[in-house]
Protein chains: 2
Amino acid sequence: MKAVGIIAEYNPFHNGHQYHIEEAKKNTNADVTIAAMSGNFTQRGEPTILDKWHRANEALHNGIDVVVELPLAFSVQPSHLFAQGALTILDALKVSDIVFGAEHSDWNFERLVRSEKNFDKNQFELYNETFATAFNEQLKQNTGIELTDPNDILAFSYFKAKKSIHASANLLPIKRIGNKYHDLEISGRFSSASSIRSSIANGSFDFVNSVPDITKKDLLNIKKLGTWENLYPYLRYTLIQSPVSELCGIYQMAEGLEYRMKSVAENASSFDEFIRELKTKRYTYSRLIRVSLYALLHITDGEMSEHYQTPYIRILGFNRRGQQYLHEIRKKLHMQAFTRLSRDQKVGVAQLDFRAGKMYQMINHSEQQDMKRKPIILL
Amino acid sequence: MKAVGIIAEYNPFHNGHQYHIEEAKKNTNADVTIAAMSGNFTQRGEPTILDKWHRANEALHNGIDVVVELPLAFSVQPSHLFAQGALTILDALKVSDIVFGAEHSDWNFERLVRSEKNFDKNQFELYNETFATAFNEQLKQNTGIELTDPNDILAFSYFKAKKSIHASANLLPIKRIGNKYHDLEISGRFSSASSIRSSIANGSFDFVNSVPDITKKDLLNIKKLGTWENLYPYLRYTLIQSPVSELCGIYQMAEGLEYRMKSVAENASSFDEFIRELKTKRYTYSRLIRVSLYALLHITDGEMSEHYQTPYIRILGFNRRGQQYLHEIRKKLHMQAFTRLSRDQKVGVAQLDFRAGKMYQMINHSEQQDMKRKPIILL
């Protein structure tokens, strides 16, 4: 059987995702679709609007045959590490192609990746800008291309990752449909996930025509939104109570950011206020939100690198076709794979996911996320 | 001027406290009364019902001339360390006497203290009981006396502390008035602090005749109770997210208690459930509540011993007589004393109090507890 891989957050699963799955199948003639999906936190470090089980279930009802969870050490990372992690998992699952949306699917991303090696890092040091900003400026000067749309950046990262980890899957960017990633306005049948989330946050029902029935049902039943405002009391508490000697060991905490975070937390009473006070030219919002999540989950540098080097396949759910495929590749699998978390995995390889799940559970009163959960099986 | 010292929690300040102050003055002919009062957490590790500023103010309106805060490293400790800390502070403040209530004020506490040196520690090891229980049994066998009432135990601790730190103040136990410490029923003009707190927790107004007017006013204006149930989400979060390697460094975390606390926290959804699940014969409830507080405030072994060895006098408030006294002893003071917390003290000597104050502030939405607070001056 031929499988196509999709890298997704499904936050939440909407009509654009369904369209993307159909296009992926059409373009690759695959028999099976596999989604490598973020767990309860997005790449940007935000809690997802619905937990991973609901989102996996939505995907399985709308064209996906197997959903695997991207381990947190892969999913909440700057785009280049995110991309490497996702490709590592999908390559291990023997997909022939990986299909993803891009704002400019016609660009020659391979050529753009090659152009990066000429990037002058001195300029980055000199102007004290974020790496991405500096690289973009040079890219624009050299090629006339602006790498600013979020899915273009991710597409670029996938091509770069393929090269650096020698992934064998073929990469296929396709044109995104509907409104732009950052658009906050619902625009009919195809609306961005951001606009759907913001519609829900505002208590509006505009989103109902932009999502399949099952997502609609899930969204209408949400008890408490997974948001940073709900997480913030815990972050604030931990920043105030932990000594800087401990905070400075947190992954990606650099250049005295621990002092800044501590003192901003002492006075900021909301996450919105906290993150705005924290922002400087040096760091992007995404970076600061991710570091906030690492601090919240007490993820140290050492822990992250250990987990980054120990990938695994956590299967959240599958249907009959997915089951056949998993059965077929079982013997060729060179990576540990499991459907249920054992006690050893809870304190071992999947420890970060377990902690993230407990955190998520605390804020939105969802069900237990990991222990005693069985995979979703749609037969 | 002659000063008498009183060691108190004033949780909250009630008529029995007022009576105790009058008796203390009468029995010692003192000109000035000084209260060494716990801050926002009691010796047992519980948040106080009102913050330290309200409680200090109540005391100043009812017979106390100077209120100093017992540093957290002294106030939230097993009784022997609590007693040593309190005596250290009051001795530094040159009080001639220290007066305290006891259920059996007529006992010869000095003799009881001497009898402790004959205590057979092997029995303690053998039966796996708490130290206090084992000591009590031997004391009863040897002297016929049962040291079980909480104020008797504290009285005993003061006498023991006086001996071990060579404190010069004279110790004077006086008979307690009103109902017993643990009584949960209000009993008229003199009711225990426990019974007053439980009346408030139950939303009843029975307590109004047991407290002076100012306490009544404070209690009727409480926005949110300082309780462990409100602290528990933070404790639970920190126990789940922190690695055991970090938890085992917490003060008084011993014999694998960190593993037990972590696993109990994963499932217990209330503090009541948590502490009941945690309880074994080996540990008293007080010990477990204190360790919970140390974990909540991330207080390590090293930190606690450092702070225990760096006493200071934090003046919360005074009246004119108190001011005169402080002026008089100023030059004889051999211990650092201050009324306002500096930025250096916030991260230095008074760091634990600052962290405890921030924690308290987070749960009951009280005002800022330390920075920018001026002492209460009643002139």
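Naming convention: chains lettered A, B, ... in sequence-line order (proteins, then strands); numbering from 1 in each chain. Only a predicted model underlies this, so the values are computations on that prediction, with no experimental measurement involved.
Looking at A:Met371, neither its backbone nor its side chain comes within 4.5 Å of chain B, counting heavy atoms on both sides. Interface remark: A:Gln361 contributes no atoms to any contact with chain B (heavy atom separation under 4.5 Å). Neither the backbone nor the side chain of B:Ile299 comes within less than 4.5 Å of any heavy atom in chain A. For B:Glu266, the parts lying near chain A are the backbone and the side chain together; criterion is any non-hydrogen pair under 4.5 Å.
Between A:Tyr237 and B:His298 the shortest side-chain heavy-atom distance falls below 4.5 Å.
Among A:Ser242, A:Ala356, A:Pro243, the residue with the largest count of heavy-atom pairs under 4.5 Å with chain B is A:Ser242. Chosen from B:Glu303, B:Gln351, B:Gln368, B:Met359, the residue pairing most often with chain A at heavy-atom distances under 4.5 Å is B:Met359.
When the shell of 6.0 Å around NZ of B:Lys374 is examined, it contains 12 or fewer heavy atoms from other residues, nucleotides or ligands. The 12-atom threshold is not exceeded at OH of B:Tyr259, counting heavy atoms of other residues, nucleotides or ligands nearer than 6.0 Å. Around NZ of A:Lys217, the count of heavy atoms belonging to other residues, nucleotides or ligands within 6.0 Å does not exceed 12. Atom CD of B:Glu367 has 12 or fewer heavy atoms from other residues, nucleotides or ligands within 6.0 Å.
Taking both residues in full, the closest heavy atoms of A:Arg355 and B:Ile240 are given as CG-O, 3.8 Å, listed atom of the first, atom of the second, then distance. Residue A:Gln241 comes nearest to B:Leu297 through the heavy atom pair OE1-CD2, 3.5 Å, listed as atom of the first residue, atom of the second, then distance.
Atoms OG and NZ, from A:Ser263 and B:Lys346 in turn, are 7.0 Å apart once rounded to the nearest 0.5 Å.
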